[in-house]
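Working notes, structure below.
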Amino acid sequence: MALSTPRLRTFEHMIRSEQERQRIASVDALRARGIDPYPASAFSVTHHSTSLKKTFEEDVQVTLAGRLMSRRIMGKASFAELQDHEGRIQIYLNRDELCPGEDKSMYNDVFKKFLDLGDFIGIEGNTFRTQVGEPSIKVTALTVLSKAIRPLPDLKTDDEGNVHGAFTDPELRYRQRYVDLVVNPNVKNTFIARSAMIRKIRDVFDARGWTEVDTPVLQSIPGGAAARPFVTHHNALNTSLYLRIANELYLKRLIVGGFEGVYEFSRNFRNEGMDRTHNPEFTVLELYVAYKDYHWMMETTENLFGELAQAVHGKMEIPLGEHKVNFAPPYARVTMRDAILEHAGVDINDLDEAGLRKACENQGIETDDSMGRGKLIDELFGTKCEHHYIQPTFITDYPSDMSPLTKAHRDKPGYTERFELLVNGTEVANAYSELNDPLEQRARFEDQLKLSERGDDEAMFIDHDFLRALEYGMPPTSGIGIGIDRLVMMMTNQTSIQEVLFFPQMRPESFDTAGGDADFSALGVPKHWEDHLVSAGFKSARDVLDTKPTQVHQRLNGYRKKNKLDIPALSLEEVSAWYANAENHTS
RNA sequence: GACCUGGUAGCUCAGCUGGUUAGAGCAUCUCACUUUUAAUGAGAGGGUCCUGGGUUCGAGUCCCAGCCGGGUCACCA
């Protein structure tokens with residue numbers, strides 16, 4: 001329930017399809033018979049569909065609730081399917097068993113006429129098997145729980161498992177995810193897997209004594225990553241705030257404060273392009289553990305991913321597109337230098353910035369003056385190497401100027417203790433031995449500032465409070481960020497991020513609510529005609545006045561006849577009077 | 001942001017070089033039918049062909065602009 005209720009608007013004038021009008025008429029018909037189409041009382045169930053079918057025994061009394069999803073009516077008996085959160089089960093309705101007395105209206109009218117596919121019903125009955133052996137429930141009592149006035153996309157699955165009339169349009173599926181979830185059962189499974197993965201991560205981390213924390217989403221300095229932020233404004237402080245692009249710097253502050261293991265499922269926001277691997281808001285799991293280094297973090301990560309694959313699939317090797325990916329640890333560890341040497345034939349150790357720029361150009365990579373050494377290496381790796389790593393692989397030891405928050409490598413000057421985990425050619429995790437030398441961190445931020453002055457609009461901001469925190473001392477720490485959405489994609493064999501987010505970002509939909517504001521009072525249109533004017537295509541008084549009276553007259557009476565409206569026909573005089581009324585009204 | 005591609009009934013989709021009243025399957029409505037399962041048989045209704053301009057005797061179809069998707073690329077995770 002929302003805390004504040006927006007101004008109520010009525011949409012009585014909304015244009016309805018024929019099927020919607022029929023369903024609304026059924027709502028009224030139910031009420032006329034004393035049946036509340038939206039009853040208030042709870043309905044308790046004893047069973048759910050799939051689990052009941054799994055342990056099926058005949059002649060058990062059961063109560064279930066769900067949506068009516070298909071109906072096969074054969075005179076005095078019908079088969080139907082009830083869908084609950086587990087799946088579907090067949091129900092059998094026999095007129096004389098549902099209505100043992102004289103009154104057969106529960107079957108003849110309520111079930112056959114006033115119920116529609118998509119309605120929520122509750123049933124009570126006994127289990128049995130049909131002649132063909134289908135586990136079914138013979139219904140002895142039927143309760144209307146909620147009437148649907150919009151028809152669901154109807155789809156049917158035949159014996160071979162082919163789906164007919166599938167609801168496949170991505171736009172409709174993402175905008176109306178509720179419909180997608182009702183009619184496409186696999187969609188639900190993806191999100192159940194997502195939930196299972198997140199639960200598993202919590203279990204594993206909590207068992208190790210790490211603390212789940214919450215840190216600010218609204219930040220005055222968007223730190224911890226290189227990305228363009230969303231900006232918003234706080235009225236009371238009269239200051240700009242940014243939606244976080246990362247939570248890294250806050251989690252490190254908590255390590256400074258004495259926590260030895262903290263993690264957060266961080267919803268991050270980046271004001272950048274959208275495509276099938278990018279949504280403006282996305283979830284990163286960040287974990288920071290004190291007294292650890294990146295070698296330890298690699299082991300922790302491969303063990304976690306193995307457990308996740310096990311939790312979701314019950315095995316380590318899972319299908320992903322045209323490949324099979326094996327999440328069983330240990331994973332290959334390849335240094336960035338070796339990766340580039342292997343796939344681009346260039347030894348980055350031998351090259352300075354100018355040499356790298358030349359190497360990039362030789363490989364057909366466009367460069368510009370704003371790109372420093374780190375950026376050039378990143379380009380080289382991104383275009384030449386990344387896509388080769390299908391099986392989980394740790395790419396280690398990144399050059400220091402592309403890793404401003406990472407500790408310098410213990411024995412390779414110019415490199416840092418950092419790794420990214422690649423799966424299926426895509427980065428899913430990024431981890432460091434965290435830089436805890438406050439003076440070096442300050443120097444690295446200043447280097448970023450120089451990059452920014454060269455025109456790199458992704459260079460990081462300097463967060464002075466974070467530097468102050470480091471100056472109080474941070475223990476050696478290893479941290480990791482895992483892209484949860486991408487991880488879910490990989491674990492559920494999905495190729496687009498929109499498939500693992502319930503409500504991916506879409507351009508706002510515009511609703512034609514002109515009818516909701518229609519006001520024909522100035523014309524003196526009779527109340528019982530107002531809705532029909534809108535349905536007949538007149539969305540405002542202006543629409544009427546812009547049309548000739550004779551035409552309005554004919555269109556409305558035509559509409560009345562077509563829809564068999566139980567109201568008197570309009571005379572031309574009546575309609576002409578509306579124009580005169582409008583004139584008097586304005587003058 | 002660039003390029004390619006699409007928008008026709010509640011859903012999935014046909015609709016040719018522009019030409020009578022825009023079609024199909026499922027869904028809906030009416031009738032028949034007591035163990036069906038993509039139930040079946042007979043009949044009926046249902047459309048702002050995304051929006052707005054233009055060309056034309058005539059536009060779902062051609063042209064222009066716009067709106068909303070999808071794909072590829074750029075940027076990024």
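What you see below is based on every heavy atom in this structure, not just the backbone, and it leaves out hydrogens, waters and symmetry mates.
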*How would you label the contact of A:Asp378 with the nucleic acid (heavy atoms, under 4.0 Å): base, sugar-phosphate, or nothing?*
nothing

_Six-ring centre of A:Phe282, A:Arg486 cation under 6.0 angstrom, axis tolerance 45°_ = no

*Return the nearest nucleotide to the side chain of A:Thr130; candidates are B:U37, B:G70, B:A77.*
B:U37

_Whether A:Arg418 side chain and A:Ser400 backbone form a donor-acceptor pair below 3.5 Å_ = no

*Give one of base, sugar-phosphate or nothing for A:Glu427, where a contact means two heavy atoms less than 4.0 Å apart.*
sugar-phosphate

*Apply the test side chain to side chain donor-acceptor pair (under 3.5 Å) to residues A:Asn126 and A:Tyr92: give CA-CA distance (whole Å), side-chain angles for both, the deciding distance (0.1 Å), then the verdict.*
CA-CA 10 Å; A:Asn126 299 296; A:Tyr92 173 74; over 6 Å; no

*asked:* Return the pairing partner of B:C73 with a 3.5 Å limit on both distances, Watson-Crick or G-U wobble; otherwise return none.
replied: B:G1

*Using a 4.0 Å heavy-atom cut-off across all strands, classify A:Gln90 as base, sugar-phosphate, or nothing.*
base

Do any N or O atoms of the protein come closer than 3.5 Å to N or O atoms of nucleotides 4-9 of chain B, and which pairs are they?
none

_Neighbour count >12 (heavy atoms, 6.0 Å) for atom CD, A:Glu57_ = no

*When the C1' atoms of B:G60 and B:C13 are considered, how many whole Å apart are they?*
15 Å

*For residues A:Arg88 and A:Ser70, is any side-chain donor paired with an opposing acceptor at under 3.5 Å?*
no

*Report the base-pairing partner of B:G43 (Watson-Crick or G-U wobble, both distances below 3.5 angstrom), or none.*
B:C29

*How far apart are the closest heavy atoms of A:Ala246 and A:Arg270, and which atoms are they?*
CB-NH2, 4.4 Å

*Please state the P separation for the pair B:G41 and B:G46 - nearest whole angstrom.*
24 Å

*For the student: nearest non-hydrogen atoms of A:Pro229 and A:Leu243, plus distance*: CB-O, 4.3 Å

*asked:* Could you identify the nucleotide paired to B:G58, looking across every strand shown and requiring Watson-Crick or G-U wobble geometry with both distances under 3.5 Å?
replied: none

_B:C3 versus B:G19 - spacing of their C1' atoms, nearest Å_ = 35 Å

_Heavy-atom closest pair, residues A:Ala141 and A:Val139_ = O-CG1, 3.3 Å

*Would you classify A:Val132 as touching base, sugar-phosphate or nothing, given that sugar-phosphate means primed atoms plus P, OP1 and OP2, and contacts are heavy atoms under 4.0 Å?*
base

*Is A:Asp485 touching bases, backbone alone, or none of the nucleic acid, heavy atoms closer than 4.0 Å?*
nothing

_Backbone of A:Glu134 reached by a side-chain donor or acceptor of A:Ser136 within 3.5 Å_ = yes

Could you run down the sub-3.5 Å N/O contacts of the protein with nucleotides 28-30 of chain B?
residue, atom, partner, partner atom, Å
B:U28, O2', A:Gln22, OE1, 2.2
B:U28, O2', A:Gln22, NE2, 3.4

_Using atom C1' in both nucleotides, what's the gap between B:G7 and B:C49 to the nearest angstrom?_
10 Å

